[in-house]
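Only heavy atoms go into these numbers, but all of them, side chains included; no hydrogens, no water, no symmetry mates. Order of the sequence lines sets the chain letters (A, B, ...), proteins ahead of strands, with each chain counted from 1.
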Amino acid sequence: MEKETKAFQRVYTKLFQLTKATVSLRAQGVGNDELAIVDGRLAQVVKIIGDMVTLQIFGGTEGIATNAEVIFAGKSPTLKVGDDLAGRFFNAYGEPMEGGEIMGEELEIGGPSVNPVRRKQPSEFIPTGIAGIDLNNALVTGQKIPFFADPDQPYNQVMAMVALRAKADKIILAGMGLTNDDYLYFKNVFDNAGALDRIVGFINTTEDPPVERLLVPDMALSAAEYYATKKNEKVLVLLTDMTLYSDALSIVSNRMDQIPSKDSMPGSLYSDLARLYEKAVQFPDGGSITIIAVTTLSGGDITHAVPDNTGYITEGQLFLRKDSDVGKVIVDPFRSLSRLKQLVIGKKTREDHPQVMNAAVRLYADAANARTKQENGFDLTDYDERTLEFAKGYSRKLLAIDVNIEMEEMLETAYALFSEHFKPEEVGIREEFVKKYWHK
Amino acid sequence: MNTIGNVTGIIANLVIVETEGTAGQNEICFIKHGDTRLMAEVIKVVGNKAYLQVFESTRGLKVGTEVEFMGHMLEVTLGPGILSKNFDGLQNDLNKMDGIFLKRGEYTDPLDFDSKFAFKPLAKKGDKVTAGSWLGEVKENWIAHKIMVPFKFNGEFTVKSLKEDGEYKLNDAIAVLTDKDGKDHEVTMVQKWPVKVPIKAYKNKPRPFKILETGIRVMDTLNPMAEGGTGFIPGPFGSGKTVLQHSLSKNANADLVVVAACGERANEVVEIFTEFPELEDPRTGRKLMERTTIIANTSNMPVAAREASVYTAMTIAEYYRAMGLKVLLLADSTSRWAQALREMSNRMEELPGPDGFPMDLSAIIANFYARAGFVYLPNGETGSITFIGTVSPAGGNLKEPVTESTKKVARCFYALSQQRADSKRYPAIDSIDSYSKYLEYPEIEEYLNSTISENWTDNVHEAKDILLRGKETYEQINILGDDGVPIEYHIRYWKSELIDFVILQQDGFDAIDASSSLERQDYMLQKTLGVTRMEYDFESFEDVGPYFKRVINALKQMNYSEFDSDKFKKNEKELEKILKEQKQEEKEEAKA
Ligand SMILES: Nc1ncnc2c1ncn2[C@@H]1O[C@H](COP(=O)(O)OP(=O)(O)OP(=O)(O)O)[C@@H](O)[C@H]1O
Ligand SMILES: [Mg+2]
């Protein structure tokens with residue numbers, strides 16, 4: 001990053017401490033969180049003791065010498081917002097990647113929280129066409145929910161699909177440690193769908209310094225707040241991958257000699273993540289911010305500090321799983337949960353939605369038990385056999401991520417599967433709905 | 001003159017201030033950052049350096065900034081009008097704040113100083129009074145809100161004059177009290193009290209001896225909470241802590257409920273804001289919001305204020321207890337409060353205890369829980385604070401400092417189990433791991449048997465025994481296979497399933513099942529034990545499950561019907577029929 005030195009800026013050239021992510025120097029009149037340029041790299045004040053100032057260098061400190069030039073900017077990180085954000089991709093500093101300028105208002109990123117009494121209760125269903133989500137884990141505007149996924153799962157593909165179908169006014173992609181291939185994938189998919197004008201991207205790829213990632217979610221969420229409050233738009237924010245974001249947090253905190261907490265994450269991880277996720281909100285004037293994130297797991301371990309803290313913050317989580325019986329990736333109906341679904345299912349969707357959802361999942365669970373029985377060499381009953389057949393159809397026609405149908409059709413598909421394999425009393429749907437909807 | 005100091009260091013929300021004047025532990029300060037004043041609390045003093053935790057973001061703050069020490073600790077303002085309000089952790093009235101976003105340095109009045117309240121005197125001229133004595137009362141929603149001698153008043157006073165019936169503003173003097181030295185003191189309808197100091201305006205605190213009815217079967221029947229008791233709910237994420245606390249706040253038999261949303265989701269608080277003004281209190285028919293006060297310091301609000309929020313909530317609860325009321329205090333989640341302590345302790349580079357928490361975490365938690373309790377007031381009336389906190393253990397592992405410290409002091413332990421939550425057996429309280437120490441108190445046992453029914457505690461222990469044996473048997477069936485065990489094992493297992501489905505599980509979202517009276521719980525427990533006490537003689541293990549499933553279904557339908565209604569009785573008949581048929585079949589088979 002090149003920055004010009006202006007006359008009023010304070011310039012220093014004597015560092016007395018260097019670590020991998022931070023530098024310290026003596027300086028006066030510096031504000032907490034203030035930005036600076038150290039040897040041409042963006043940095044931010046993280047600690048001031050008397051005239052000793054410690055800066056975190058987003059690009060890393062490789063090659064910085066004790067005589068590096070330090071210029072303080074007199075402000076904390078900002079993003080320029082305006083109409084021409086749309087359709088463009090930015091780096092972690094909020095600078096357009098293809099060059100050029102943004103005309104508009106300069107917003108401080110990481111701004112204040114919404115007063116809880118000014119929030120509205122989320123109540124708008126977000127159809128995605130994926131039955132594993134819409135039928136079993138309906139999403140709601142203003143919700144925050146992550147995919148808990150192993151690194152080899154197609155979470156970015158699913159997320160792109162969800163984003164395009166979600167009928168959002170704006171989609172804001174925050175890429176943290178995104179591979180260049182995935183970045184190009186997102187760009188391509190959005191472009192092919194003719195949706196580029198609804199997209200804003202803030203991208204840190206694996207080729208960029210990891211500490212830069214720390215700015216990305218705040219940039220994306222500030223842009224989201226701009227669209228949701230100034231334009232009353234429905235904004236969908238995609239955060240991928242929050243585990244890599246957390247890794248960057250731990251690099252900085254460890255460099256600052258903070259006592260690490262579980263899994264060498266900073267003790268403030270919960271607050272750090274909550275500050276971001278809680279930007280998800282339904283505003284009273286119709287604007288909303290919905291966050292769909294990715295938290296990659298290592299070896300499927302959800303007790304690791306990052307997924308664990310995330311689970312305590314978000315409103316549910318989605319799991320992908322390969323179903324080897326049908327050879328497809330499905331949204332796991334057992335471990336996935338959308339905590340806000342109660343607000344919309346059966347209310348914004350057809351009245352029998354909750355009953356159909358529960359019945360299908362229960363039968364799927366019976367199938368899982370039957371499979372265990374089978375694997376242990378016990379005999380299967382006729383009912384067991386039928387649940388196994390049902391499970392295959394359910395997986396293929398509803399749970400698979402390549403499903404793309406309307407809500408009504410999901411329910412009808414479920415009834416078709418029910419009536420193919422079961423009698424109404426085995427399914428346990430309320431009498432009145434059986435009369436009305438059961439396939440004869 | 002207030003002490004003045006200057007900022008010399010800033011690490012996130014820890015600010016170091018140098019001062020020549022005096023500074024006290026927990027003293028409140030204001031940092032003059034430009035046009036805004038940032039509130040902070042002294043958490044350590046070393047030489048002429050005071051360490052402050054700032055209740056706001058410190059962005060842009062510079063060394064050299066002036067700091068004013070206020071000479072008092074963090075205080076709450078106590079008076080009529082607290083009820084139904086939505087406060088932040090520092091008792092700012094959230095509804096009075098402008099705009100959609102919270103503004104740094106904006107502090108609002110907790111009470112409505114311009115409103116008038118109808119005052120009625122209770123004391124009279126010449127009465128001898130002490131801190132906490134009731135001087136008069138005003139109507140606050142449906143509660144007779146007592147105007148008390150301020151808790152800060154030391155010693156005995158004589159009522160010199162008292163206002164008559166009439167409408168007064170909060171700051172109007174309603175009484176003049178004369179102290180031992182003949183000096184007069186005016187008393188208004190508001191007073192202030194430092195949140196970290198317990199209000200002790202009571203005569204004594206006996207061991208709890210009554211039950212606080214919560215309407216939740218797995219609590220009331222199996223592990224009852226005492227009025228004035230303490231309990232905690234640990235559980236991994238998504239296991240149902242918040243839903244359970246919300247049910248408690250809706251259904252518990254308390255005069256009023258103080259909810260501290262401490263470092264959790266804003267949308268969950270919004271749910272209370274949205275629903276409580278509509279929902280009815282099943283006992284009084286009034287709107288739930290009329291008995292509820294919310295302290296909302298959600299996870300995105302400043303961390304230091306999160307720490308303060310539980311104390312603010314406790315002090316408000318103590319204030320109402322001194323009026324002779326039955327208060328239920330809920331905090332979700334106390335782990336977030338402990339984490340706030342950890343963040344500060346880390347920044348101050350204190351020697352860390354286990355998992356980086358402060359060394360004195362156990363003591364802090366113990367002191368907090370000790371503030372709950374049942375009390376006799378000086379005038380012979382009683383009041384109580386029942387406190388139930390949730391704990392969010394890292395990785396769901398209960399061997400961690402917050403759970404362990406809490407377990408030492410809380411008398412009830414409601415462990416939520418991931419497995420039960422996964423299989424949608426809500427509320428997911430594991431009835432075998434959980435306990436209520438109160439059930440062992442002879443005075444509680446006596447209370448239960450005399451107020452609910454004669455054999456109540458025996459029945460409860462019988463049910464617990466069936467659950468435990470059922471669990472053991474289930475493990476054996478799993479190892480040996482369905483036909484590798486005697487049929488008796490299947491019967492034993494299904495008896496425990498029966499209790500699980502009918503007593504333990506409860507649909508918190510169903511209008512009727514959500515809350516169950518003690519009378520009804522007694523009835524259902526006896527019904528259920530009636531089934532488990534029967535002798536069975538099944539032909540094959542395959543007949544056991546279907547029979548019990550039918551019984552469970554009939555009993556569940558009873559749970560879903562209004563108590564003693566026609567529908568309830570119809571389902572009861574259905575149950576009798578199933579039981580009779582079973583006996584019939586067994587007889588016929590025996591003959592054949
Ligand atoms: N009694 C219940 N009846 C039906 N569903 C429930 C019940 N309890 C919990 N759930 C389901 O589980 C979800 C999570 O519950 P809850 O929010 O209470 O969990 P929690 O333990 O507070 O989690 P966290 O620690 O993340 O806050 C709810 O959104 C709901 O879908
Ligand atoms: Mg919760």
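- Contact annotation for A/V30: only backbone heavy atoms (N, CA, C, O) come within less than 4.5 Å of a heavy atom of chain B.
- Annotation for B/I100 and A/F283: closest pair CG2-CE2, 3.6 Å, computed over non-hydrogen atoms.
- The two residues A/R118 and B/L94 have their closest heavy-atom pair at NH2-O, 3.9 Å.
- Crowding of B/Q419 atom CD: a count of heavy atoms from other residues, nucleotides or ligands under 6.0 Å not exceeding 12.
- Looking at A/K144, only its side chain comes within 4.5 Å of chain B, counting heavy atoms on both sides.
- At most 12 heavy atoms of other shown residues, nucleotides or ligands fall within 6.0 angstrom of atom CG in A/D379.
- If you measure heavy-atom distances from A/P284 to chain B, the contacts under 4.5 Å come from the side chain alone.
- For the pair B/R265 and A/Y277, the cation-pi criterion (under 6.0 Å, within 45° of the ring axis) is not fulfilled.
- Chain B forms more heavy-atom pairs under 4.5 Å with one residue of A/I302, A/V45, A/I313, A/V46 than with any other, namely A/I313.
- Looking at B/A261, neither its backbone nor its side chain comes within 4.5 Å of chain A, counting heavy atoms on both sides.
- Only the side chain of A/T229 comes within contact range of chain B, judged by heavy atoms closer than 4.5 Å.
- If you measure heavy-atom distances from A/S76 to chain B, the contacts under 4.5 Å come from the side chain alone.
- If you tally non-hydrogen atom pairs under 4.5 Å between each of A/P112, A/S113, A/G111, A/G31 and chain B, the highest count goes to A/S113.
- Both the backbone and the side chain of B/E271 have a heavy atom closer than 4.5 Å to some heavy atom of chain A.
- Comparing A/R339, A/R362, A/K47 by how many heavy-atom pairs each has under 4.5 Å with chain B, the most go to A/R339.
- No part of B/F357 comes within reach of chain A, as not one of its non-hydrogen atoms sits under 4.5 angstrom from that chain.
- In this structure, the portions of A/S268 lying under 4.5 Å from any heavy atom of chain B include both its backbone and its side chain.
- The candidate from A/Q342, A/K279, A/Q282, A/E108 with the greatest count of non-hydrogen atom pairs under 4.5 Å with chain B is A/E108.
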- Task: Walk me through it: do A/K262 and B/D355 pass the test side chain to side chain contact (heavy atoms under 4.5 Å, CB included)?
- Result: CA-CA 7 Å; A/K262 198 167 168 272; B/D355 287 2; over 6 Å; no
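- For the set B/N95, B/V303, B/V63, the count of heavy-atom pairs under 4.5 angstrom toward chain A peaks at B/N95.
- Contact annotation for A/L340: only side-chain heavy atoms (C-beta onward) come within less than 4.5 Å of a heavy atom of chain B.
- The number of heavy atoms from other shown groups lying within 6.0 Å of NZ (B/K96) is above 12.
- Partner A/I48 forms a side-chain contact (heavy atoms from CB on, under 4.5 Å) with one of B/I10, B/I16, B/V7 and no other, that one being B/I10.
- Highest contact tally toward chain B, considering only A/G311, A/G267, A/G29, A/G110, is held by A/G311 [criterion: heavy-atom pairs under 4.5 Å].
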- Go through the steps for B/D422 and A/F334 under the test side chain to side chain contact (heavy atoms under 4.5 Å, CB included), then give the verdict. CA-CA 7 Å; B/D422 285 347; A/F334 296 144; over 6 Å; no
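- Looking at B/P354, neither its backbone nor its side chain comes within 4.5 Å of chain A, counting heavy atoms on both sides.
- Of the atoms belonging to A/Y312, heavy atoms from both backbone and side chain fall under 4.5 Å from chain B.
- Atom OH of B/Y474 has 12 or fewer heavy atoms from other residues, nucleotides or ligands within 6.0 Å.
- Surrounding NZ of B/K103 are more than 12 heavy atoms belonging to other residues, nucleotides or ligands, all under 6.0 Å away.
- Only the backbone of B/E350 comes within less than 4.5 Å of a heavy atom of chain A; no side-chain atom from C-beta onward does.
- Using a 4.5 Å cut-off between heavy atoms, A/P307 contacts chain B through its backbone alone, with no side-chain atom that close.
- Residue A/R335 does not touch chain B at all, counting heavy-atom pairs closer than 4.5 Å.
- Ranked by non-hydrogen atom pairs under 4.5 Å with chain B, the options A/V53, A/N32, A/D33, A/D308 are led by A/N32.
- Residues B/T298 and A/E278 bring no donor and acceptor atom of their side chains to less than 3.5 Å of each other.
- Looking at A/I49, both its backbone and its side chain come within 4.5 Å of chain B, counting heavy atoms on both sides.
- Chosen from B/A340, B/G481, B/A296, B/A394, the residue pairing most often with chain A at heavy-atom distances under 4.5 Å is B/A394.
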- Message: Checking A/Q121 against B/E275 for the side chain to side chain contact (heavy atoms under 4.5 Å, CB included) test, could you report, in this order, the C-alpha distance in whole Å, the side-chain angles of both residues, the deciding distance, and whether it holds?
- Response: CA-CA 10 Å; A/Q121 187 166 40; B/E275 290 179 1; 4.3 Å; yes
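- Between chain A and the residues B/L61, B/L102, B/V270, the largest count of heavy-atom pairs under 4.5 Å involves B/L102.
- Atom-to-atom distance recorded for A/M52:CE and B/T8:OG1 is 11.0 Å, nearest 0.5 angstrom.
- For A/E225, the part lying near chain B is the side chain, with the backbone staying farther off; criterion is any non-hydrogen pair under 4.5 Å.
- Heavy atoms closer than 4.5 Å to chain B are found nowhere in A/Q28, neither backbone nor side chain.
- Looking at B/T274, only its side chain comes within 4.5 Å of chain A, counting heavy atoms on both sides.
- Nearest heavy atoms, B/F101 versus A/V114: CE2-CG2, 3.6 Å.
- The candidate with the highest count of non-hydrogen atom pairs below 4.5 Å against chain A, out of B/K424, B/R306, B/E264, B/E343, is B/E343.
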